[in-house]
Each structure stands twice: as C-alpha cells, then as structure tokens.
Amino acid sequence: MIQTRCEVLSSRRSGVYWSLTLVAPDVAEQAKPGQFVQIAVPEERRFLLRRPFSIHQASRRGGWAGTLEVVFDVVGPGTAWMAECKPHDVLDVIGPIGRSFQYPRELRSCLLVGGGYGAAPLHFLAEELRSRNKSVHMIVGARGHERVFKPIESKRLSDSIVITTEDGTMGERGRVTDVLDSVLERTGAEVVYACGPNLMLRIVAERCRDQGLPCQVAVEELMACGLGVCWTCVVPVIGLGGRGWWNVRACLEGPVFNGARIWWDRWLGSEAEEVAPPEGFARILEPERVEAWPG
C-alpha cells in the first residue's frame, strides 16, 4: 500500500460515467484486478473522508505505462468535485488496497458478470485472464443503454458477450441474472467472477453455489477509512466447512470474496425472523474444486 501524489493525465466522460487517468507508476506496478484506491477530495480537506474507487485499468507497458484509471458516477459532492478535475491537477492517492480476484490454475473457461459501472474492474481482470490463456465470456447489464459500461471494449476483451438492459434499449431486455443460467450452459463456464450491486452479486453467488461452480464477487460496501481501522464495512462470512462465522472488513479481507462463503441473509436481510447459517457450504469449499480461490 502506497500513499502518493498523482498528476491527473486526463479526465473525460465515458457514457454517463467519468473516467480519470492518473500518473501513478508505483501503484500501477503493484495493482491487481479487484483492488481499489482511496482518493482524498479535495486537497484542502473540505470533505473529511477519502473516496474509494475500483481500479479499471493499470498500465505497465506501452505509451500509457505507469498510469492508473478509475471510473465513477457522480452521486454526491465528493464525486462531483472529482468530475471537475483537470489535467495536471494533483490528487492524494492511497493504493492499491484490498484483496484482488484470484486466477484459476487449471480451470479455463471464465464468465465475468458486471452490472452498471461495476463492470469497470472486470476489464482489468479480462486482460489478465486472457494473458493466462483463459477463455473469457461476459454478461454486462444496466438499467438503460446509456449506463452500459463500454460495450465495445467489453466485446473486444471477450470471446462472447451478452448485454442486457432493464428497459430493452440495448441487447436483451432484463437483468444480467435473467440470462445467467443460459450463458453458463452455453459457454460451459467453470469459473464465475462478478462485480456490481450487492443484490445482483447475491443472486449470482447463490446460483453458482447451487451448481457447484466457484464464484468470486467484488462487493460494494460503505467504507469510512478504507484502511481497516474503523470496521464500518464488515461483511459476515461463513467459516471453512460451514463451521461458525465472523465479520470481516470489505476494505482489507475484501472487497473480493468467495461468493459461497458470504452469509447473504445476515448481511442483506432475510424474511425469516431467525437467520440460520445456510447448508451445503462444505461441498462447495472442497480444496480440489476451489483451487486457489480465496478462503
């Protein structure tokens, strides 16, 4: 983890989102897909807390070597200030932070599922998987066509892609979870990665658990410090073999988790008054099936 002052190389619109490219050679060299950076906004500290941003790209070679790209939506005063950044502005950045996606050693066919700009870190992951001779398939979705993240770039990075929009303005009408089963069957995917809204992640993780497929999810959780100190971003995780549970921090032990081990009912809520740990976790967590998956 590095704290550094980074020059803004470019700031541009990416559909309805904003893309910010920073000159950050030390962070880019260490960054892995699924990790994030914390950016102080603004320099004079009118906002107390840093903002976390998933790493969309980390370039180590070529003309963009030593640069880092993050993507965000303007949802409040902090991100509104970020959208006003200009080339040559300097930002205070900490990163890379958190647990990254893990690459399968033997399994080859990978399915990447992204919702909204949650698809941004999956582009970084897709490039790393392809460099390891894995086949990459993608499902990318959003509420409408204007919120589908870089569909042309997603198509370039994948062997096959399905795009969904809730209003039917691009691709198939519906949500990414509506086409998940058919895409899993068609592609023969052996490994699933997902990033997006937590309710979407829950459905993806539970479908994969039922089918015995390894699944990693990059969760969205409010982070105050982003450094593991404040414990505001805890996620309940089932113990190995289904024995016990504990709260872990999304910023350090995550944001990437084994989807089969998150206790979704306790985290996101359940209609049941007494929430009991789910059954069947030991079967999903057999070491020979999970390979190098995070524990």
Side-chain angles (χ1 to χ4, degrees), residues 27-37 54-62 64-65 67-71 95-96 98-141 148-164 176 179-180 182-196 200-201 204-205 207-208 211-219 254-260 284 287-295:
V27 179
E29 183 64 31
Q30 295 188 24
K32 297 178 181 178
Q35 292 184 305
F36 66 97
V37 294
S54 296
I55 297 172
H56 170 48
Q57 295 287 1
S59 300
R60 305 180 182 93
R61 297 173 296 277
W64 293 91
T67 63
L68 197 73
E69 186 176 355
V70 298
V71 174
R99 190 171 201 165
S100 64
F101 290 110
Q102 302 297 303
Y103 314 121
R105 290 193 299 268
E106 302 297 333
L107 303 181
R108 184 173 182 277
S109 182
C110 306
L111 175 62
L112 281 55
V113 185
Y117 69 96
L122 297 181
H123 286 202
F124 189 8
L125 174 63
E127 290 186 343
E128 293 296 313
L129 290 172
R130 288 170 65 90
S131 72
R132 290 165 172 77
N133 297 317
K134 309 297 182 181
S135 61
V136 174
H137 307 276
M138 297 185 75
I139 306 175
V140 178
V148 176
F149 182 74
K150 291 187 178 180
I152 296 176
E153 180 70 5
S154 297
K155 185 175 182 179
R156 182 187 71 82
L157 290 169
S158 59
D159 296 285
S160 71
I161 182 171
V162 175
I163 296 174
T164 67
V176 295
V179 300
L180 178 61
S182 61
V183 174
L184 284 172
E185 182 178 358
R186 175 175 57 80
T187 61
E190 303 166 288
V191 177
V192 177
Y193 300 88
C195 185
M200 181 205 89
L201 300 181
V204 172
R207 296 264 185 89
C208 291
Q211 298 185 40
L213 291 174
C215 173
Q216 288 188 60
V217 297
V219 304
V256 175
F257 293 98
N258 181 334
I284 300 303
E288 64 272 17
R289 182 66 178 131
V290 178
E291 296 183 313
W293 242 230

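Just the heavy atoms: all of them, side chains too, but no hydrogens, waters or symmetry mates, feed the values below.
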Shortest non-hydrogen separation from [X] to [Y] and the atoms involved:
X      : Y      : result
Ser54  : Val70  : O-CG1, 3.7 Å
Phe101 : Ala218 : CZ-CB, 3.8 Å
Phe124 : Ala58  : CZ-CB, 3.7 Å
Val148 : Thr164 : CG2-O, 4.5 Å
Ser158 : Ile161 : OG-CB, 3.7 Å
Gln35  : Pro96  : OE1-CB, 3.4 Å

Output the distance between atom [atom1] ([X]) and atom [atom2] ([Y]), rounded to the nearest 0.5 Å.
X      : Y      : atom1 : atom2 : answer
Arg108 : Asn133 : CZ    : CG    : 7.0 Å
Ser154 : Ile139 : OG    : CD1   : 12.0 Å
Arg132 : Arg105 : CZ    : CZ    : 13.0 Å
Leu129 : Leu112 : CG    : CG    : 6.0 Å

Without swapping roles, check the side chain of [X] against the backbone of [Y] for a donor-acceptor pair under 3.5 Å.
X      : Y      : value
His56  : Glu69  : no
Glu190 : Ser109 : yes
Gln102 : Ser100 : yes
Gln216 : Tyr193 : no
Lys134 : Leu107 : yes
Arg99  : Phe257 : no
Asp159 : His137 : no

Between Glu127 and Arg130, is there a side-chain N and carboxylate O pair less than 4.0 Å apart? no
Do [X] and [Y] make a side-chain contact, defined as non-hydrogen atoms from C-beta onward lying under 4.5 Å apart?
X      : Y      : answer
Cys195 : Val256 : no
Val140 : Pro151 : no
Val183 : Val176 : no

Mind running side-chain contact (heavy atoms from CB on, under 4.5 Å) on Leu111 and Leu180 for me, showing each step along the way? CA-CA 10 Å; Leu111 175 62; Leu180 178 61; 3.8 Å; yes
Kindly determine whether Val192 and Leu184 satisfy side-chain contact (heavy atoms from CB on, under 4.5 Å), including the steps that lead there. CA-CA 9 Å; Val192 177; Leu184 284 172; 3.8 Å; yes
Among Arg156, Lys155, Lys150, find the residue that satisfies the side-chain hydrogen bond (donor to acceptor under 3.5 Å, both in side chains) test when tested with Glu153.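 Going through the options one by one, the only one that passes is Arg156.
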Residues, nucleotides or ligands: over 12 heavy atoms within 6.0 Å of Lys32 NZ: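 Count not over threshold, so no.
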